[in-house]
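This report concerns only the one structure given below.
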Amino acid sequence: MKTWIKNGILVTGNGCQKADILIENEKIAEIGICPQVLPEENTVVEDAEGMFVFPGFIDAHTHFDLHVAGTVTADDFETGTKAAVRGGTTTIVDFGTQYHEETLNQGLANWHDKADGKCSCDYSFHMSISDWNPQVSAELDSMMEQGITSFKLYMTYPDMMVDDRAFYQILKRFKEIGGIVGVHCENSGIIDAMREEAVEKGEMGVASHPATRPAAVEAEAIDRLLRIAQVVDVPVVVVHLTCKEGLEVIQEARRRGQKVYAETCPQYLLMSDELYHLPGFEGAKYVIAPPLRGAEDEEALWKALAEGKIQTVSTDHCSFTTKQKALGIDDFRKIPGGMPGVETRGVLLYTYGVDKGRISLEQMCRVLSENPAKLYGMYPQKGCIAVGSDADLVLLRPGVKDIISADDQIQNVDYAPFEGTEVTGRIETVFLRGQKVVDGHEIVQEKKGMFIKRGKYSL
């Protein structure tokens, strides 16, 4: 069976055109200016008139079924990937974790057990390294052979962070094997000291969360990371960039010749730290790390996005219910950090980026599809509309006004961070490797996702 998508406006990183797409055997078989592609008897016709057709979105920053902060994230791979694909994300790259005294292969096996057979979009893993030793170093070759070509390091969180010596050694190994690392950048020592000061003053509420993780703490860690990377001479990724100060550090490194990739998230583009001062315990819903910043930071990130200085927009989807957030009701340090986001990323970026004139359709395509596919070794299988590529396609209808609400979401959380926010586009239809998995904005097929063995980065 073939599928013919006709009359849509195809969006790529280089331009838009009205054209048809013929899908066969899970791949894009033909692309033609209307009406060059003609249907055959065994062809299903999908009319995309009035819709933008994007390559499937890629979310390279999710945390599903993660044990953290004394609990487990509300979304596992089943609920999380259903929410993702409904929002136009056809591939996720989740953070698999090597806990202390585990090998990387043990950590990878654990994440395969969590995900295999449960995913409604395609999936892969970054491996988070928390325990660095000669055995782990030797395992990196095996990771690359298994298609795990990107990794995660933390500069904070005692259970996950590695020291500067290990950072240097790990980056040297990545240079040898061609892997790439994304880094959570915050200065752990300063955070610990500021938290102690807050506790001594009896300031145990939600507002102490951002107060003890200021932007300077993020910027310092980014600078330290980039100086280590400079010594090794290797590219790195700064994940979930939140602030103008951090962006300036990245730009300075680029001016001295370093290759630095940056990722941000919708919450840092559209939310401010004023939310931490909501009455009662409402602000706990927005406790994430690094925390939300101010309006000046939001504008700096939008400008950087438009200028190509930020390469990807992911979600850092790490969901907890309000009951789970209440674990820290008397102590801000115990609030599980994270928010949901996979279901709304695409329409938010379209509404407040494209529709507001901040970025173009082509730029939206690059940061949601093309760039993450290249950065994480999936291009041109993923991330583009091209003959031979996987038929991962998102049909977005512009001009449709919806209101984001917890009552209309799949992600397994009892609140929506963007509750009441108006969006001006709707993801009507999603194809995953040629299979229609979303129709009329509703899931019509589940658990069709497959593991993607990735190559080396090419962005």
Side-chain angles (χ1 to χ4, degrees), residues 58-68 77 81 91-119 121-155 157 159-184 225 228-229 232-237 239 259 261 372-383 390 449-459:
I58 297 168
D59 190 345
H61 195 147
T62 65
H63 298 281
F64 297 144
D65 200 356
L66 178 67
H67 291 251
V68 64
F77 281 88
T81 58
T91 305
I92 58 105
V93 190
D94 197 78
F95 286 100
T97 300
Q98 170 231 20
Y99 294 107
H100 280 285
E101 300 185 359
E102 282 186 344
T103 66
L104 292 180
N105 278 300
Q106 286 171 333
L108 179 58
N110 290 339
W111 252 256
H112 272 296
D113 287 343
K114 293 170 184 279
D116 292 352
K118 300 168 189 169
C119 292
C121 67
D122 286 351
Y123 62 99
S124 187
F125 311 114
H126 313 282
M127 277 308 299
S128 300
I129 300 173
S130 65
D131 198 357
W132 181 246
N133 55 57
Q135 179 185 357
V136 170
S137 178
E139 279 190 289
L140 290 176
D141 296 296
S142 171
M143 290 292 106
M144 297 290 287
E145 291 168 4
Q146 295 176 73
I148 306 300
T149 58
S150 54
F151 303 85
K152 175 79 174 286
L153 294 173
Y154 291 85
M155 301 179 83
Y157 303 131
D159 292 339
M160 294 301 302
M161 62 186 289
V162 297
D163 61 20
D164 290 353
R165 176 175 177 271
F167 254 96
Y168 171 79
Q169 294 173 338
I170 293 168
L171 291 185
K172 284 198 74 173
R173 277 292 281 141
F174 289 157
K175 185 176 181 179
E176 291 172 5
I177 64 177
I180 195 162
V181 64
V183 185
H184 179 131
L225 163 68
I228 298 171
V232 179
D233 186 25
V234 66
V236 291
V237 185
V239 301
K259 187 175 287 186
Y261 302 105
K374 292 176 180 177
L375 185 57
Y376 297 114
M378 292 180 279
Y379 191 88
Q381 178 185 357
K382 304 286 187 184
D390 283 357
M450 63 179 287
F451 175 74
I452 301 300
K453 184 176 180 180
R454 296 181 288 117
K456 296 181 180 180
Y457 66 92
S458 63
L459 181 59

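We find that Lys382 and Asp122 are joined by a salt bridge, their nearest charged nitrogen and carboxylate oxygen being less than 4.0 Å apart. Salt-bridge annotation for Asp94 and Lys152: absent, with no side-chain N of the basic residue lying under 4.0 Å from a carboxylate O of the acidic one.
Shown here is Tyr168, whose OH atom has no more than 12 heavy atoms of other residues, nucleotides or ligands within 6.0 Å.
Using a 4.5 Å heavy-atom cutoff, the side chains of Met143 and Thr149 are not in contact. At least one side-chain heavy atom of Leu140 sits less than 4.5 Å from a side-chain heavy atom of Phe174. A heavy-atom distance below 4.5 Å is found between the side chains of Trp111 and Phe77. Arg173 has its side chain out of reach of Leu171: every pair of non-hydrogen atoms, C-beta onward, lies at least 4.5 Å apart. Using a 4.5 Å cut-off on side-chain heavy atoms (C-beta onward), Ser137 and Gln169 make no contact.
Here the straight-line distance linking atom CZ of Phe125 with atom CD1 of Ile92 works out to 7.0 Å at 0.5 Å rounding. Taken from NE2 in His67 to CG in Asn110, the straight-line distance is 9.5 Å, to the nearest 0.5 Å. Taken to the nearest 0.5 Å, the CG atom of Leu153 stands 4.5 Å off from the CD1 atom of Ile170. Trp132 CH2 to Arg165 CZ: the interatomic distance, rounded to the nearest 0.5 Å, is 10.5 Å. Atom OG of Ser130 sits about 4.5 Å away from atom CD of Gln98, to the nearest 0.5 Å. The structure places OG1 of Thr81 at 10.5 Å from NZ of Lys118, a figure rounded to the nearest 0.5 Å.
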Stepwise side-chain contact (heavy atoms from CB on, under 4.5 Å) test for Ser124 and Phe451: CA-CA 6 Å; Ser124 187; Phe451 175 74; 3.8 Å; yes

Verdict with reasoning, Phe167 to Val162, per side-chain contact (heavy atoms from CB on, under 4.5 Å): CA-CA 7 Å; Phe167 254 96; Val162 297; 3.6 Å; yes

Test side-chain contact (heavy atoms from CB on, under 4.5 Å) applied to Asn133 and Glu101, step by step: CA-CA 10 Å; Asn133 55 57; Glu101 300 185 359; over 6 Å; no

Residue pair Asp131, Tyr99: steps toward the side-chain contact (heavy atoms from CB on, under 4.5 Å) verdict: CA-CA 7 Å; Asp131 198 357; Tyr99 294 107; over 6 Å; no

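Formation of a donor-acceptor pair under 3.5 Å by the Gln135 side chain with backbone atoms of Thr103 is not found in this model. Looking at His63, its side chain never comes within 3.5 Å of a backbone N or O of Phe95 through a donor-acceptor pair. Without hydrogens or angle criteria, Thr91 side chain to Ile58 main chain gives no donor-acceptor distance under 3.5 Å. A donor-acceptor distance shorter than 3.5 angstrom exists from the side chain of Lys114 to the backbone of Asp65, with no hydrogens or angles considered. At least one donor-acceptor pair closer than 3.5 Å links the side chain of Lys453 to the backbone N or O of Glu145. In this structure a side-chain-to-backbone donor-acceptor pair under 3.5 Å is present from Arg454 to Tyr376.
The aromatic rings of Tyr123 and His112 sit perpendicular to each other, their planes meeting at more than 60°, with 30° as the lower class boundary.
In terms of heavy-atom proximity, Pro235 sits nearest to Tyr261 at CB-CE1, 4.1 Å.
Side-chain contact check for His126 and Ser150: at least one donor-acceptor pair (N or O, by modelled atom type) lies under 3.5 Å.
Between Tyr157 and His184, the distance separating the two ring centers is shorter than 6.0 angstrom.
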